[in-house]
2 protein chains.
Amino acid sequence: MTTSAGRTASRGRIDKRQAILDAAFIVFARRGYAQACVQEIAEEAGVAKPTVYNHLNDKETLFRHALTAVTDAVLAENLSVVERLRNPGPDLRATLEDVAYRLIRMCCTKRSRSLRWLTYAQVARFPDLIDLVLSRTSDQLCEALADRLARLSLSGHLRACDPATAAEQLLALITGPMEGRSRLGTRTASTAEMHAVATVAVDTFLRAYGAPENR
Amino acid sequence: MTTSAGRTASRGRIDKRQAILDAAFIVFARRGYAQACVQEIAEEAGVAKPTVYNHLNDKETLFRHALTAVTDAVLAENLSVVERLRNPGPDLRATLEDVAYRLIRMCCTKRSRSLRWLTYAQVARFPDLIDLVLSRTSDQLCEALADRLARLSLSGHLRACDPATAAEQLLALITGPMEGRSRLGTRTASTAEMHAVATVAVDTFLRAYGAPENR
DNA sequence: GGTGATTTGTACTTGCTGGTTCAATTTAGT
DNA sequence: ACTAAATTGAACCAGCAAGTACAAATCACC
């Protein structure tokens, strides 16, 4: 932790910290926490092993920093997708299908899958990471979606309902089937399959929550 | 469960194989695969370390056998719950809520959670286990549920629909929210919370798939 | 009681990996 | 060019766990 963010005393060469964190996530995602050895991370970052320990104290902080960084990135992407519901076009169903499809694509990203997998896999060793990752992804995403659904309900596009549970269920209808179809990320789903899941999820959602004219 | 099943040539003492497998699952669930040392498994089984290697060749086969055994047990329990839909009473909604609630309770079992966690956590090391566990739990459960829903559809209790997707979505509505609420099994959900999730899941399911009089 | 197979305890080898040390080298800024 | 910081490569230590060897003890069965 020589110079963290302030950046007055510049590094001897370029800033290798980011390269190390990126490499750490890649290697952790490839091997898992226990199997990932620091040597491999150093090689992936194009750096010597002691340099890794210069920037991050030990393997655990390396893991935490790498994971939180990716978590923030994934959250930002997800939120930007949900934000599309702020201006629903005349065809609500089409807009929802578009959002659902984009969310599915996000969840199938290598980065997103690795993030879910790593947090789930290390729940025994780092139980607090579950809370951090889950609150910054699922919870905030659900919250944002609930906001949009509430407005849609007020404007008469959806029937009166509890927006929080509606959001929770819509997300479940989207991510649940995809998790099974993709074998927890082992199999890569086709575009057609993702479209199909999105369509059918929105269909049941609108049957349950749509205003009579959208049902 | 001293002597397992057929077992003509009885072991020197009682059959310790089952005790070892049970202990293995317990310890693997407690520590994770990498952190679980064979010594601890042996102690948990009340057995010496070399005895473990007498019955199971190495740590990997130990893991595989323990996991498949638990998989089969969990599947059997889940199937027995879905079987309750074979005789739906006059109140379909109540029956569905009962089944949903029981499934939720199953999913929150320590054994069931450990099974999901272990398979997910070791996907990098044993990718084939994902297929084995998923096909014997999610897939077969979904299949059985689809069978029951198809009959309900034919008998006019549900609207005409594709039973496979209906089952997939009902399971998603049940398990998805619970996975988030329980923080991937970190937090133990209250009975009230489980009932609430079951009720609201069945409600949206019936809004989307119920026959007009059940909607 | 005898016999053969199984179990047990202990100790050992082996291999791997996290983390450190250190002298030599390279780099950035002046 | 000079200095101070950062980087590098290599070696090194410590700990931990998988798997094995082996002699002593124990059990099932006759």
Side-chain angles (χ1 to χ4, degrees), chain A residues 1-28 30-67 118 121-122 124-126, chain B residues 2-4 6-24 26-66 121-122 124-126:
Chain A
M1 199 173 300
T2 52
T3 65
S4 59
R7 176 55 53 72
T8 55
S10 62
R11 223 35 118 295
R13 208 187 286 182
I14 27 174
D15 204 12
K16 315 216 163 183
R17 187 188 168 93
Q18 193 56 43
I20 291 175
L21 285 179
D22 293 347
F25 185 79
I26 291 176
V27 174
F28 281 134
R30 182 161 55 213
R31 306 269 186 223
Y33 180 78
Q35 273 56 51
C37 62
V38 180
Q39 179 62 43
E40 187 177 354
I41 294 176
E43 287 169 5
E44 179 78 28
V47 139
K49 190 162 73 143
T51 308
V52 176
Y53 287 99
N54 282 353
H55 289 271
L56 287 310
N57 291 335
D58 53 11
K59 196 180 178 183
E60 178 174 339
T61 56
L62 191 54
F63 187 68
R64 301 189 108 94
H65 280 79
L67 234 64
L118 279 175
Q122 298 309 318
R125 210 192 295 243
F126 312 121
Chain B
T2 50
T3 62
S4 61
R7 192 49 39 79
T8 54
S10 62
R11 254 349 155 300
R13 206 189 287 184
I14 28 173
D15 204 4
K16 314 217 163 181
R17 186 187 169 94
Q18 193 56 42
I20 291 175
L21 285 179
D22 293 347
I26 291 175
V27 174
F28 281 134
R30 183 160 54 213
R31 306 268 187 224
Y33 179 79
Q35 275 57 49
C37 62
V38 180
Q39 178 63 44
E40 188 176 353
I41 294 175
E43 287 169 4
E44 179 80 27
V47 141
K49 190 162 72 144
T51 310
V52 175
Y53 286 98
N54 282 353
H55 288 270
L56 287 310
N57 291 335
D58 53 13
K59 196 180 178 184
E60 178 174 339
T61 55
L62 191 53
F63 187 68
R64 301 189 107 94
H65 280 79
Q122 298 308 320
R125 211 193 292 245
F126 311 122

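- Taking the side chain to side chain contact (heavy atoms under 4.5 Å, CB included) definition, one finds that D58(B) meets it with E60(B), T61(B), sequence neighbours left out.
- Scanning residues 42-52 of chain A for heavy-atom distances under 4.0 Å to DNA chain C yields K49(A), P50(A).
- If you measure from atom CG of D58(B) to atom P of dA17(D), you get 18 Å, rounded to the nearest angstrom.
- Residues meeting the side-chain hydrogen bond (donor to acceptor under 3.5 Å, both in side chains) test with R30(B), sequence neighbours left out: E40(B), E44(B).
- Relative to the six-membered ring of F28(A), K59(A) misses at least one condition, a distance below 6.0 Å or an angle of at most 45° to the axis.
- Distance from the side chain of K16(B) is smallest for dT8(C) among the nucleotides dT8(D), dG19(D), dT8(C).
- Protein atom NZ of K59(B) is 15 Å distant from nucleotide atom P of dC16(C), rounded to whole Å.
- Ring-centre distance between F25(A) and F63(A): not below the 6.0 Å cut-off.
- At the phosphate of dT6(C), neither OP1 nor OP2 sits under 4.0 Å from any side-chain N or O atom of N54(B).
- When the C1' atom of dG18(C) is taken as reference, atom CZ of F63(A) falls 16 Å away, rounded to whole Å.
- Contact between V47(B) and I20(B) at its shortest, heavy atoms only, is CG1-CD1, 4.4 Å.
- At a threshold of 4.0 angstrom between heavy atoms, the contacts of A34(B) with the nucleic acid are absent.
- Taking atom CD on Q35(B) and atom C1' on dT17(C), their separation rounds to 13 Å, with Å as the unit.
- Under the side chain to side chain contact (heavy atoms under 4.5 Å, CB included) criterion, A124(A) pairs with W117(B), not counting sequence neighbours.
- For the side chain to side chain contact (heavy atoms under 4.5 Å, CB included) test, residues two or more places apart in sequence or in another chain that qualify with Q39(A) are C37(A), E43(A), K49(A).
- Under 4.0 angstrom from either OP1 or OP2 of dA6(D) there lies no side-chain N or O belonging to H55(A).
- Nucleotide dC22(C) holds its C1' atom 17 Å from the OH atom of Y53(A), rounded to whole Å.
- Smallest separation of non-hydrogen atoms from L56(B) and L62(B): CG-CD1, 3.7 Å.
- A19(A) and A45(A) get closest at one heavy-atom pair: O-CB, 3.8 Å.
- Recorded end-axis angle for the helix from dG1(C)-dC30(D) to dT30(C)-dA1(D) stands at 30°, based on five pairs per end and rounded to 10 degrees.
- Distance, Q39(A) CD to dT20(C) P: 15 Å, rounded to whole Å.
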